[in-house]
Structure formats: structure tokens, C-alpha cells
Asker: 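First, the structure itself, so that you have it in front of you.
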Amino acid sequence: MIAGFAVIAITLSHAAALEGAIAEVRNLAQPGAFAIESLSPSGASFERQGRIEQQTSAGWETVFDEFYLVKNCGAVATSPACVTLAPGAVLRPVPWTGYTCYGQCPRPCKGNVYRPPGTFRLVLTACGEGVRVVGAPFFMGSRAKQ
């Protein structure tokens with residue numbers, strides 16, 4: 001079963017790279033952590049906010065729409081509208097933790113809900129083009145008991 005899942009994950013990873021030929025979103029070992037690599041010879045430019053979608057019986061639904069393309073949360077306030085990656089550059093943004101408010105960079109909210117367990121993916125939109133780059137699905141389990 002695990003070997004079958006690995007084959008599916010590799011296939012989906014290739015499909016994710018092909019759908020958005022300007023860049024590839026790779027899932028890292030920690031669920032919710034990503035490496036975004038520019039594949040275009042001219043680089044890639046993305047809206048500063050991506051979104052996390054969850055797979056449901058009705059399809060993919062957005063569960064977190066404030067996924068910032070920043071290496072640290074202190075940079076959110078000053079990040080430009082478009083984040084540009086040079087050709088071959090890799091960005092490893094602050095990971096998503098599964099929460100709706102404190103999921104990446106803390107922000108005020110009325111309720112901080114943990115969305116997992118489930119299957120999720122990161123979706124980015126290229127600036128000015130509307131081209132979507134969709135990451136491969138990843139599974140995030142229940143949070144650890146404290």
C-alpha cells in the first residue's frame with residue numbers, strides 16, 4: 001500500500017510540475033512545507049498569497065487563503081504584491097501548520113480551527129497571467145496530543 005501511494009505521489013508530482021510549467025511546487029518531508037522552484041528561463045512571478053485546498057467529496061475546496069510566499073513571518077507586512085523567483089531559484093516559505101488563523105503567520109481571528117486530518121495541496125497564481133501552479137497532494141494527520 002505504501003509503495004502504491006509513493007508511485008501515485010510521484011505521478012502527481014510530475015503532473016503538478018507540468019500543469020504550471022513556469023514553476024514546480026515540491027512537498028517537503030514535513031506536511032505543509034514546500035519548495036517552490038522557478039522552471040522558466042525568464043523566472044517566475046507569483047501573487048504574494050497562495051492558498052491551501054483540501055480534497056473533499058465535492059472536489060478541492062479552499063481552507064486557508066493566506067499562505068504567504070515569505071521565508072519568515074516578519075516579511076509579510078513588506079512583501080510586494082508579486083514575488084519573483086529568478087530562473088532556477090527555490091523558495092521555501094514558512095510552512096503551513098494546519099490551522100486557519102495561526103496556520104502560517106499568526107493573525108487576529110475569532111476562531112483558530114485545525115483543518116486536518118485530510119489531503120491538501122498548495123495552489124499559486126502567477127502575477128498578471130492568471131496561470132495556476134498546483135502542488136502535489138499531501139496528507140496531514142491529526143495534531144499531536146499535548
Side-chain angles (χ1 to χ4, degrees), residues 1-40 44-85 88-127 129-146:
M1 172 90 174
I2 292 174
F5 183 77
V7 170
I8 291 170
I10 290 168
T11 302
L12 290 172
S13 177
H14 288 354
L18 294 174
E19 180 177 337
I22 62 169
E24 176 184 21
V25 175
R26 288 190 310 272
N27 296 329
L28 301 179
Q30 172 190 345
F34 311 98
I36 302 161
E37 181 177 4
S38 170
L39 300 177
S40 170
S45 186
F46 297 101
E47 292 178 4
R48 74 183 191 143
Q49 266 177 248
R51 68 181 182 271
I52 302 289
E53 295 180 339
Q54 183 173 21
Q55 189 173 34
T56 70
S57 59
W60 290 98
E61 296 180 10
T62 300
V63 294
F64 185 73
D65 61 1
E66 293 188 28
F67 186 86
Y68 290 96
L69 299 181
V70 295
K71 292 180 183 179
N72 67 67
C73 289
V76 170
T78 59
S79 65
C82 293
V83 174
T84 301
L85 300 176
V90 177
L91 172 65
R92 289 181 175 81
V94 175
W96 179 60
T97 64
Y99 285 90
T100 55
C101 292
Y102 304 122
Q104 187 192 29
C105 295
R107 63 180 178 84
C109 70
K110 292 182 180 181
N112 192 26
V113 177
Y114 188 72
R115 296 301 301 203
T119 301
F120 301 87
R121 67 183 184 184
L122 174 62
V123 178
L124 304 175
T125 303
C127 280
E129 302 173 26
V131 173
R132 292 179 350 135
V133 175
V134 179
F138 65 93
F139 180 80
M140 185 176 277
S142 299
R143 64 181 174 215
K145 301 216 188 270
Q146 298 185 18

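Scope of the values below: all heavy atoms of this structure, side chains included, with no hydrogens, waters or symmetry mates. Quick note: residue numbers are just sequence positions, from 1.
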Asker: What heavy-atom pair brings F139 and P31 nearest, and what distance separates the two atoms?
Answerer: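 Closest pair (atom of F139, atom of P31, distance): O-CB, 3.6 Å.
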
Asker: Which heavy-atom pair separates A23 from V133 by the least distance, and what is that distance?
Answerer: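 The pair with the smallest heavy-atom distance is O-CG1, 3.7 Å.
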
Asker: Indicate the atoms forming the closest heavy-atom contact of I22 with A44, along with that distance.
Answerer: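 I22 and A44 have their closest heavy atoms at O-CB, 3.7 Å.
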
Asker: Take I52 and L122 through the side chain to side chain contact (heavy atoms under 4.5 Å, CB included) test and state the conclusion after the steps.
Answerer: CA-CA 5 Å; I52 302 289; L122 174 62; 4.0 Å; yes

Asker: Could you tell me which residues satisfy salt bridge (Lys or Arg N to Asp or Glu O under 4.0 Å) with E37, sequence neighbours excluded, listed by chain and number?
Answerer: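 By the salt bridge (Lys or Arg N to Asp or Glu O under 4.0 Å) rule, E37 matches R26.
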
Asker: Got a donor-acceptor contact below 3.5 angstrom from the N27 side chain to the A136 backbone?
Answerer: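 Yes, the answer is positive, given that a donor and an acceptor are paired below the 3.5 Å cut-off.
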
Asker: Please report the C-alpha distance between I36 and V90 in whole Å, then the side-chain angles of each, then the deciding distance to 0.1 Å, and finally whether the side chain to side chain contact (heavy atoms under 4.5 Å, CB included) criterion is met.
Answerer: CA-CA 5 Å; I36 302 161; V90 177; over 6 Å; no

Asker: Specify the closest pair of heavy atoms between V94 and Q104, including all atoms of both residues, with the distance to one decimal.
Answerer: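 Scanning both residues completely, I find the closest heavy atoms to be O-NE2, 2.8 Å.
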
Asker: When you measure from the side chain of R92 to the backbone of A33, do you find a donor-acceptor pair of N or O atoms at a distance under 3.5 Å?
Answerer: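 Answer holds: no.
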
Asker: Which atom pairs, one a donor and one an acceptor, fall under 3.5 Å between side chains of residues 63-71 and the rest of the protein, sequence neighbours left out?
Answerer:
| from | atom 1 | to | atom 2 | distance (Å) |
| --- | --- | --- | --- | --- |
| E66 | OE1 | R107 | NE | 3.2 |
| Y68 | OH | Q49 | OE1 | 3.3 |

Asker: Could you go step by step and tell me if R51 and W60 meet the side chain to side chain contact (heavy atoms under 4.5 Å, CB included) rule?
Answerer: CA-CA 11 Å; R51 68 181 182 271; W60 290 98; over 6 Å; no

Asker: With rounding to the nearest 0.5 Å, note down the distance linking CG in L39 to CD in E24.
Answerer: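 Taking CG in L39 and CD in E24, the distance rounds to 6.0 Å.
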
Asker: Which pair of non-hydrogen atoms, one from E47 and one from C127, has the smallest distance, and what is that distance?
Answerer: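 Looking at all heavy atoms of both residues, the shortest contact is N-SG, 3.3 Å.
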
Asker: Is any side-chain heavy atom of T119 closer than 4.5 Å to a side-chain heavy atom of F138?
Answerer: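 A side-chain contact is absent here, since even the closest heavy-atom pair is not under 4.5 Å.
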
Asker: What disulfide bond (SG atoms under 2.5 Å apart) pairs are there with at least one residue in residues 47-76, not counting sequence neighbours?
Answerer: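 Applying disulfide bond (SG atoms under 2.5 Å apart) to every pair that reaches into residues 47-76, excluding sequence neighbours, yields C73-C105.
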
Asker: On a heavy-atom basis, which atom in M140 and which in G98 lie closest, and how many Å separate them?
Answerer: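 It is SD-CA, 3.7 Å.
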
